[in-house]
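Structure record follows, encoded as structure tokens.
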Amino acid sequence: MNPAGSSSLTGQDLIRLKKYLADNLVRALEMEGISAAQRPAFVQKNIAQVYEQTQLKLPEDLKKQIFGQVLNDILGYGPIQILLDDPDVTEIMVNGPKKVFVEKKGQLTRANVAFDDDDHVVRIIERIIMPLGRRVDSDSPTVDARLPDGSRVNAVVRPVAIDGPSITIRKFRKDKLKAEDLVNYGSLTQTMADFLQGCVKARFNIVISGGTGSGKTTLLNVMSGFIPENERIITIEDAAELQLQQDHVMRMETKTANADGLGAVTIRELVRNSLRMRPDRIVVGEVRGGEALDMLQAMNTGHDGSLTTVHSNSPRDALSRLETLVLMAGMDLPLKVVRQQISSAIDLIVQQTRLKDGQRKVTAITEVAGMEGDTVVLTDVFKFNQTGVDADGKVLGELRSTGIRPNFMPRLEAAGVKMGAEIFAGNFSNNSSSRR
């Protein structure tokens, strides 16, 4: 590099300096054959030597900043590494190289970090997806992936991403949430948690419904934790996110097609294959296509206790969504037959909602009570009643029983789950000013 004075360095000069340091360190790593475990110590030891070769004399604080950025580029995920390390950040959104936003406590703010250029963003995307055997380019411009800790990643590049490559990361907590945590956050009451635990233990088929970012996967994780240790669990996801703590868990995820458009493995194929794997429980991260039909058929043919999620805004919308997804399977089924399949397969719908102030809350627990004519009957067992909004914009309300005793109570009792009728008659309120 040209050893220009530090006072004359421009932003582009600093970008070239970082690239020079990173390229030389990566080259040294390759030449020395350094293992993954040894890379951090090697890079930290040699970055100063590579810097000395530039003959630059940067201020100590600027040099430390440059070193940190280079280390993150080589060993981590570039500028967003600091956001990944921040436990308060729940989502990271990269809208091109210069616009990075984060979600903290349900609120979106702009982060004080940036990438150098489009190529810098693409390099980080490739670092994320390479260990998973996935690809992203102009012919395949979108990709779903995950980080080693299970955080969900979606990336979009040009020509689909007009303003530059995009990365969206939904972080997963390192400490797995439990039911008592959701109770403390005000997402549901202890009575509701006990009720859901009983329904899981009694092998009810349960659908968790909610919008994007409402916390469906988090709730699915919590409810999956209610499954007894002695049961074999098969999980099926687009990108493996579920963090089940049981010992006997078999995880599967989809595979995208190769460059020739071959070799793809879909959720539907995995659902079908799971039926030959002697499952006690099938947990599907999300149904979004024709696999809904295979899932319902499995529920109706002895695979009780299945859990899944679906995108919808209410329990009634969840049924309509499932109807649409079943029809996407390509089977020419009458709508009444589809509804009969749904009503006989699904026992419970749990509605998860992200409120306007960022709170994530279970707003309804609804029994699928059978058919009346051509209509599937739904009965709310627990429901969130909003009472207003306070001066700070926080949504106020209470979670309470509707006073209706579910029709499936005999099934709970037959499974050894004892619940007194009084839990469906009282008002189990829980102020919703807490948030997560």
Side-chain angles (χ1 to χ4, degrees), residues 179 182-183 188-209 219-220 222-233 246 275 279-284 295-310 314-316 318-319 322-323 336-352 362-384 399-428:
L182 298 188
V183 172
L188 73 171
T189 66
Q190 186 61 55
T191 302
M192 294 164 68
D194 293 341
F195 177 75
L196 292 176
Q197 182 173 9
C199 290
V200 172
K201 288 185 175 180
R203 303 183 64 85
F204 284 11
N205 294 319
I206 302 173
V207 172
I208 299 171
S209 162
L219 183 59
L220 180 60
V222 170
M223 292 179 61
S224 298
F226 298 147
I227 298 175
E229 281 281 352
N230 62 346
E231 297 188 11
R232 175 171 167 81
I233 307 168
Q246 291 90 336
L275 303 180
D280 288 311
R281 306 274 187 152
I282 300 173
V283 181
V284 180
M295 184 79 184
L296 293 174
Q297 288 178 331
M299 291 175 174
N300 277 322
T301 54
H303 294 281
D304 296 330
S306 299
L307 301 170
T308 189
T309 72
V310 66
S314 70
R316 179 62 64 182
L319 294 183
L322 285 171
E323 289 174 11
K336 184 174 182 178
V337 172
V338 174
R339 290 176 177 171
Q340 288 172 337
Q341 284 268 328
I342 292 172
S343 67
S344 60
I346 306 297
D347 297 303
L348 204 66
I349 299 174
V350 183
Q351 183 66 37
Q352 179 82 13
V362 175
T363 53
I365 298 178
T366 303
E367 177 190 14
V368 180
M371 296 276 293
E372 282 188 4
D374 292 343
T375 304
V376 179
V377 178
L378 297 179
T379 304
D380 289 332
V381 182
F382 295 91
K383 197 171 180 66
F384 174 69
L399 294 162
R400 57 178 297 176
S401 164
T402 61
I404 299 174
R405 178 183 165 93
N407 293 333
F408 54 59
M409 285 303 293
R411 286 181 56 194
L412 281 175
E413 294 167 359
V417 178
K418 303 297 182 182
M419 289 190 180
E422 67 275 4
I423 72 171
F424 305 111
N427 178 3
F428 300 93

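Considering every non-hydrogen atom in both S224 and L307, the closest pair reads OG-CD1, 3.8 Å. Smallest separation of non-hydrogen atoms from K418 and E413: NZ-O, 4.2 Å. The minimum heavy-atom distance linking M371 with V376 is given by the pair SD-CG2, 3.6 Å. A pairwise comparison of heavy atoms in A202 and V417 identifies CB-CG2, 4.3 Å as the closest pair. N407 and A369 make their closest contact through ND2-CB, 3.9 Å (heavy atoms, listed as atom of the first residue, atom of the second, distance). Closest approach of G403 and S401 over heavy atoms only: N-OG, 3.0 Å.
Here the straight-line distance linking atom CE of M223 with atom OG1 of T309 works out to 11.5 Å at 0.5 Å rounding. A distance of 8.0 Å separates CZ of F226 from CG of D194, quoted to the nearest 0.5 Å. Atom CG in L296 sits 10.5 Å away from atom CD in E323 (nearest 0.5 Å). In this structure, CD1 in I346 is found 11.0 Å from CG in L378, a value given to the nearest 0.5 Å. Within the model, atoms NZ of K336 and OG1 of T375 stand 10.0 Å from one another, a figure rounded to the nearest 0.5 Å. To the nearest 0.5 Å, atom CD1 of residue I365 and atom CG of residue L196 are 4.0 Å apart.
Counting heavy atoms from C-beta on, the side chains of L188 and F382 never come closer than 4.5 Å. Side chains of R281 and V200 form a contact here, defined as non-hydrogen atoms less than 4.5 Å apart. Two residues are said to be in side-chain contact when any heavy atoms from C-beta on lie closer than 4.5 Å; V368 and I349 meet this criterion. Residues R203 and P228 have side chains not in contact (no heavy-atom distance under 4.5 Å, counting atoms from C-beta outward). Looking only at side-chain heavy atoms (C-beta outward), S209 and Q351 come within less than 4.5 Å of each other. Looking at heavy atoms from C-beta onward, I206 lies in side-chain contact with C199 at the 4.5 angstrom threshold.
The side chain to side chain contact (heavy atoms under 4.5 Å, CB included) test with V284 singles out one residue from T308, L220, V207, and that residue is T308. Of the residues M419, E367, R411, the one that meets the side chain to side chain contact (heavy atoms under 4.5 Å, CB included) test with P406 is E367. Of the residues listed (N205, D304, L275), the one engaging I282 in a side chain to side chain contact (heavy atoms under 4.5 Å, CB included) is L275, and it is the only one.
Within 6.0 Å of atom CD in E372, 12 or fewer heavy atoms from other residues, nucleotides or ligands are found, so the atom counts as exposed in its surroundings.
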Do L348 and F195 pass the side-chain contact (heavy atoms from CB on, under 4.5 Å) test, and can you show the C-alpha distance, the side-chain angles, and the key distance before you say yes or no?
CA-CA 11 Å; L348 204 66; F195 177 75; 4.2 Å; yes
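A donor-acceptor contact shorter than 3.5 Å is absent between the side chain of D380 and the backbone of A364.
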